[in-house]
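Scope of the values below: all heavy atoms of this structure, side chains included, with no hydrogens, waters or symmetry mates. By convention here, the first residue in the shown sequence is residue 1. Everything numeric here is computed off the predicted structure, so don't read it as measured data.
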Amino acid sequence: MSRSDVAERFGLSPDSRRLEEALTHPSFANERRDGQHYQRLEFLGDAVLQLCASEALWRAFPDAAEGELTRRRAQLVNGEALAKFARENGIPAELLVGKGAESSGVRSGTNVLADVVEALIAATYLDNGYQAARSVCDRIVGAGLDEQRTFRELDPKTLLQERAQGLGLATPEYAVTDLWGPAHERMFKVEVKTGAEVLAQGVGRSKRAAERDAAEKAIAHALLQGGVAHAEPEVASSEPISEQDQSASNRSAG
């Protein structure tokens, strides 16, 4: 893998001034005393990537609410995902790092590599326009987006149960922890736990909708962190309340 290969993957000319800037770590710029490094480009590239990922998710999940789309975007463009892309495409070897910083392992740092990927996106955007940058971003988030589509097609409660079993955890259990709102617009809050560990909380217009929301949040956090983590409720589901759940609500209210 060479600098020309990196340039090709981002649709840039090998002699692009912005390519070199995007691949220059601040430590190298400080040693040369010219101040040109990737951080300004990273600022712009982050915004371009957020827009491209948002557009891709908006098209891929036409019925998803804002909260779900926000969570999905965070999964697609988090530092680990961007650093993985950088490593798979030979970027660490082409990064210009100062002699003093080389021994610190900065070249392989997750945050550094994620910033460099965003800087390269900005370079593509500035040199070749939005459509070229969008094509690059689509490749960066493509695998994660396909994975999200697959997971969403499966029942999240079943998927969470399989995930828990794979981690050697107890079977997830769901419990209603709160009810509010008038009888005809009752909202449910449900927590899902395995053993004594609360995995996530979900909100919905029925018990079933809240359970699905909780399961989806637990799965999302497991994917991000390689295990199960806490997640707080964010967005209520739009699923209509069922007669069975409505009856339960009325009993609770009484």
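- Of the possible polar contacts, one joining the Arg107 side chain to the Pro92 backbone as a donor-acceptor pair under 3.5 Å is found.
- The CZ atom of Arg73 sits 8.0 Å away from atom CG of Leu57, with the distance rounded to the nearest 0.5 Å.
- Looking only at side-chain heavy atoms (C-beta outward), Tyr125 and Leu49 stay at 4.5 Å or farther from each other.
- Nearest heavy-atom pair, Ala209 versus Gly204, reported as atom, atom and distance to 0.1 Å: CB-CA, 4.2 Å.
- Here CD1 of Ile91 is found 7.0 Å from CG of Leu23. Values are rounded to the nearest 0.5 Å.
- Annotation: side chain of Leu120 is in contact with side chain of Leu19 (closest heavy-atom distance under 4.5 Å).
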*Mind running side chain to side chain contact (heavy atoms under 4.5 Å, CB included) on Lys157 and Gln161 for me, showing each step along the way?*
CA-CA 6 Å; Lys157 293 177 65 176; Gln161 182 171 332; over 6 Å; no

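- No continuous path of ILVMFWY side-chain contacts below 4.5 Å connects Leu113 to Val77, so the two sit in separate hydrophobic clusters.
- Between the side chain of Glu211 and the backbone N or O of Tyr174, no donor-acceptor pair lies under 3.5 Å.
- Cluster annotation: Tyr38 is connected to Val106 through the hydrophobic network of ILVMFWY side chains, with a link wherever side-chain heavy atoms come within less than 4.5 Å.
- The two residues Glu94 and Gly90 make their nearest non-hydrogen contact at CG-O, 3.7 Å.
- Arg40 CZ: 12 or fewer foreign heavy atoms inside a 6.0 Å radius.
- Under the 4.5 Å side-chain heavy-atom criterion for Ile, Leu, Val, Met, Phe, Trp and Tyr, Leu95 and Phe28 are members of distinct hydrophobic clusters.
- Leu44 has its side chain within reach of Leu126: a pair of non-hydrogen atoms, C-beta onward, lies under 4.5 Å apart.
- Remark: the backbone N or O of Ser108 is paired with a side-chain donor or acceptor of Arg87 at under 3.5 angstrom.
- Closest heavy-atom contact between Ala86 and Val117: CB-CG2, 3.7 Å.
- Side-chain contact between Arg3 and Leu96: present, with at least one pair of heavy atoms (C-beta onward) separated by less than 4.5 Å.
- Annotation: Phe43, atom CZ; neighbour count of heavy atoms from other residues, nucleotides and ligands within 6.0 Å does not exceed 12.
- In the displayed structure, Trp58 atom CH2 is contacted under 6.0 Å by at most 12 heavy atoms of other residues, nucleotides or ligands.
- You'll find the side chain of Val136 reaches within 4.5 Å of the side chain of Arg139, heavy atoms only.
- Ion pairing of Glu80 with Lys84 is absent here, as no side-chain N (NZ or NE/NH1/NH2) approaches a carboxylate O to less than 4.0 Å.
- Met187 has its side chain within reach of Val203: a pair of non-hydrogen atoms, C-beta onward, lies under 4.5 Å apart.
- Between Arg71 atom CZ and Lys217 atom NZ the span is 5.0 Å, to the nearest 0.5 Å.
- Salt bridge Arg32/Glu20: present, at least one basic N to carboxylate O contact under 4.0 Å.
- Listed for the Asn78 side chain is a donor-acceptor partner under 3.5 Å among the backbone atoms of Gln75.
- One finds the SG atom of Cys137 at 8.5 Å from the CZ atom of Phe10 (value rounded to the nearest 0.5 Å).
- The closest side-chain heavy-atom distance from Gln39 to Pro26 is below 4.5 Å.
- Note that the OG1 atom of Thr177 and the CZ atom of Phe188 stand 11.5 Å from one another [nearest 0.5 Å].
- Residue-environment remark: CG (Asp138) exceeds the threshold of 12 foreign heavy atoms within 6.0 Å.
- One hydrophobic cluster, built from ILVMFWY side chains closer than 4.5 Å, holds both Phe85 and Val6.
- Side chain of Thr194 to backbone of Ala170: a donor-acceptor contact under 3.5 angstrom is found.
- Side-chain atoms of Ser27 and Asn30 form no donor-acceptor pair, as typed in the model, at a separation below 3.5 Å.
- Distance check: Ser13 OG to Arg18 CZ gives 12.5 Å after rounding to the nearest 0.5 Å.
- Without hydrogens or angle criteria, Asp5 side chain to Ser2 main chain gives a donor-acceptor distance under 3.5 Å.
- Heavy atoms from other residues, nucleotides or ligands lying under 6.0 Å from CD of Glu8 number 12 at most.
- Nearest heavy-atom pair across Asp127 and Ser16 is OD2-OG, 2.8 Å.
- The nearest pair of heavy atoms linking Val48 to Ala133 is CG1-CB, 4.0 Å.
- Leu199 and Ala218 get closest at one heavy-atom pair: CB-CB, 4.0 Å.
- Under the 4.5 Å side-chain criterion, counting only non-hydrogen atoms from C-beta, Asn128 is in contact with Leu12.
- A salt bridge between Lys99 and Glu31 is absent, with no side-chain N of the basic residue lying under 4.0 Å from a carboxylate O of the acidic one.
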